[in-house]
Chemist: 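Starting off with a structure, shown below.
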Amino acid sequence: MSVHSNIRRVTTHVLHEMKLRGEKIAMLTAYDFSMAKIIDQSGIDIILVGDSASNVMAGHQSTLPITLDEMIYHASSVVRAVKRALVVVDLPFGSYQGNSKLALSAAIRIMKETGAHAVKMEGGAEIKESIERILSAGVPVLGHLGLTPQSIHKFGTYVVRAKEDEEADKLIEDAHLLERTGCFGIVLEKIPAKLAGKVASEIKVPIIGIGAGNKVDGQVLVIHDMLGITQEFSPRFLRRYHNLSEEMKGAVSSYIKDVKDCNFPNEQESY
Ligand code: KIV
């Protein structure tokens with residue numbers, strides 16, 4: 001028997017129960033084995049293998065360039081580390097918007113080749129057919145509305161979305177549509193807190209916010225941002241729990257100095 005067999009895994013059903021009893025859901029991104037292991041052992045509920053890997057891992061300006069093969073590489077590394085959390089993987093830009101059959105084959109590759117538990121897709125009515133087809137194959141889908149970074153060139157800017165009534169009404173309609181279609185939850189990104197709270201109270205599935213205030217059922221942040229590894233990204237919603245980039249620079253500088261001064265390795269560190 002495995003030492004981990006007594007761990008109760010987080011499932012979509014567990015998340016639904018958490019919403020019912022008002023227990024908040026904590027979600028973070030991870031893209032590699034070592035980081036995923038630490039986050040999972042800390043007790044996180046959901047690990048998102050986000051297409052934000054395109055920014056924080058690969059250094060691209062947006063999430064658009066990352067490929068399905070690259071997402072599969074990141075997701076399979078994460079899944080090998082995780083014993084408890086639900087692992088959700090972003091379907092990358094271009095893999096699901098145009099054609100629901102291609103969308104299903106992308107989702108199936110993710111499930112088969114990574115061992116992840118669910119996929120996340122950005123959008124509402126426009127991608128309904130793709131969501132339905134993926135759900136019909138038994139793959140759980142997490143929706144994503146509001147500021148959807150794969151549409152950044154349509155928006156033109158990363159400002160708060162749905163401040164005007166027309167966009168807010170469409171977002172509410174889309175949230176109901178995602179719930180009716182069968183999504184197990186919805187991420188709401190960078191929208192007014194009041195609107196997010198309204199969605200969370202009307203919709204029965206868990207609503208996870210990022211820049212959407214605290215009247216929702218849970219929160220998600222990008223791990224590199226909340227640990228202070230990224231420095232250049234400072235939106236108002238981001239709370240930095242650490243200043244890891246400074247700590248890492250300090251450690252690396254000490255190592256460089258020790259090497260240059262012939263202080264590393266010492267006798268105990270040698271064979
Ligand atoms: O890719 C990502 O990290 C995300 C979160 C910001 C929700 O979609």
Side-chain angles (χ1 to χ4, degrees), residues 15 24-32 35-36 39 44-68 70-75 77-78 85-97 106-107 110 114 116 118-124 127 131 140-152 155 158-162 171 174-175 178 183-191 196 199-200 205-213 216-227 229-230 232-240:
L15 297 173
K24 299 282 183 183
I25 296 164
M27 170 167 162
L28 281 171
T29 64
Y31 319 98
D32 67 77
M35 194 78 99
I39 299 170
I44 203 79
D45 300 307
I46 308 177
I47 293 184
L48 172 66
V49 184
D51 58 359
S52 47
S54 179
N55 307 92
V56 297
M57 300 300 288
H60 293 298
Q61 289 295 316
S62 77
T63 58
L64 275 69
I66 199 160
T67 65
L68 182 58
E70 287 166 339
M71 289 304 295
I72 287 172
Y73 167 75
H74 288 297
S77 310
V78 166
L86 184 88
V87 179
V88 180
V89 183
D90 264 328
L91 280 183
F93 176 67
S95 69
Y96 63 95
Q97 286 89 349
I110 286 181
T114 74
V119 297
K120 177 164 82 59
M121 299 164 72
E122 296 182 5
I127 58 159
I131 296 176
V141 175
L142 180 62
H144 184 158
L145 299 171
L147 177 64
T148 45
Q150 293 179 8
S151 303
I152 188 58
F155 298 143
Y158 284 97
V159 295
V160 180
R161 303 307 312 173
L171 186 142
D174 277 341
L178 293 180
C183 289
F184 72 88
I186 303 170
V187 170
L188 293 182
E189 180 163 351
K190 217 168 177 188
I191 62 166
V199 173
V205 297
I207 303 297
I208 315 287
I210 172 164
V216 289
D217 307 305
Q219 299 293 330
V220 55
L221 284 176
V222 169
I223 187 73
H224 290 64
D225 298 337
M226 63 85 78
L227 289 179
I229 297 172
T230 49
E232 55 290 338
F233 181 67
S234 273
R236 186 213 290 214
F237 69 75
L238 174 61
R239 185 178 295 178
R240 282 216 170 79

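We count ligands from 1, going down the list as the structure has it; atoms in each ligand are counted the same way.
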Chemist: Report yes or no: does Thr230 contribute a side-chain atom to a donor-acceptor pair with the main-chain N or O of His224 at less than 3.5 Å?
Modeler: yes

Chemist: Among all the protein's non-hydrogen atoms, which is closest to atom 6 (C) of ligand 1, and how far away is it?
Modeler: Ile210 CD1, 3.7 Å

Chemist: Identify, by atom number and element, the atoms of ligand 1 in contact range of Val222, meaning under 4.0 Å from any of its heavy atoms.
Modeler: 3 (O)

Chemist: How far apart are the closest heavy atoms of Met121 and Ile127, and which atoms are they?
Modeler: CB-CD1, 3.9 Å

Chemist: Considering the heavy atoms of Asp90, write down every atom of ligand 1 situated less than 4.0 Å from one of them.
Modeler: 1 (O), 2 (C), 8 (O)

Chemist: Going by distance alone, is a donor N or O of one side chain under 3.5 Å from an acceptor N or O of the other, for Arg161 and Thr148?
Modeler: no

Chemist: Count the heavy atoms of every other residue, nucleotide or ligand shown that sit under 6.0 Å from OH of Tyr158, and state whether that count exceeds 12.
Modeler: yes

Chemist: Would you say Glu122 touches ligand 1, if touching means a heavy atom closer than 4.0 Å?
Modeler: no

Chemist: Output yes when a side-chain donor or acceptor of Asp45 lies under 3.5 Å from a complementary backbone atom of Ala26, and no otherwise.
Modeler: yes

Chemist: So, 4.0 Å and heavy atoms of Lys120: is ligand 1 close enough to count as a contact?
Modeler: yes

Chemist: When you compare the side chains of Asp32 and Ser77, does any donor N or O come within less than 3.5 Å of an acceptor on the partner?
Modeler: no

Chemist: Does Thr29, backbone or side chain, put an N or O under 3.5 Å from an N or O of ligand 1?
Modeler: no

Chemist: At what distance is the nearest protein heavy atom to atom 4 (C) of ligand 1, and which residue and atom is it?
Modeler: Leu48 CD2, 3.5 Å

Chemist: Looking only at protein heavy atoms, which one is nearest to atom 3 (O) of ligand 1, and how far off is it?
Modeler: Ser52 OG, 2.5 Å

Chemist: Taking 4.0 Å as the limit for heavy-atom contacts, which would you say applies to Asp51 with ligand 1: side chain only, backbone only, both, or neither?
Modeler: both

Chemist: Scan Thr29, Leu28, Leu227 and name whichever one has a side-chain contact (heavy atoms from CB on, under 4.5 Å) with Leu221.
Modeler: Leu28

Chemist: Angle between ring planes, His74 versus Tyr31, binned at 30° and 60°: parallel, tilted or perpendicular?
Modeler: perpendicular

Chemist: Between Thr63 and ligand 1, which residue portion shows a heavy-atom distance shorter than 4.0 Å: side chain, backbone, both, or neither?
Modeler: neither

Chemist: Hey, is ligand 1 close enough to Tyr31 that some N/O pair sits below 3.5 Å?
Modeler: no

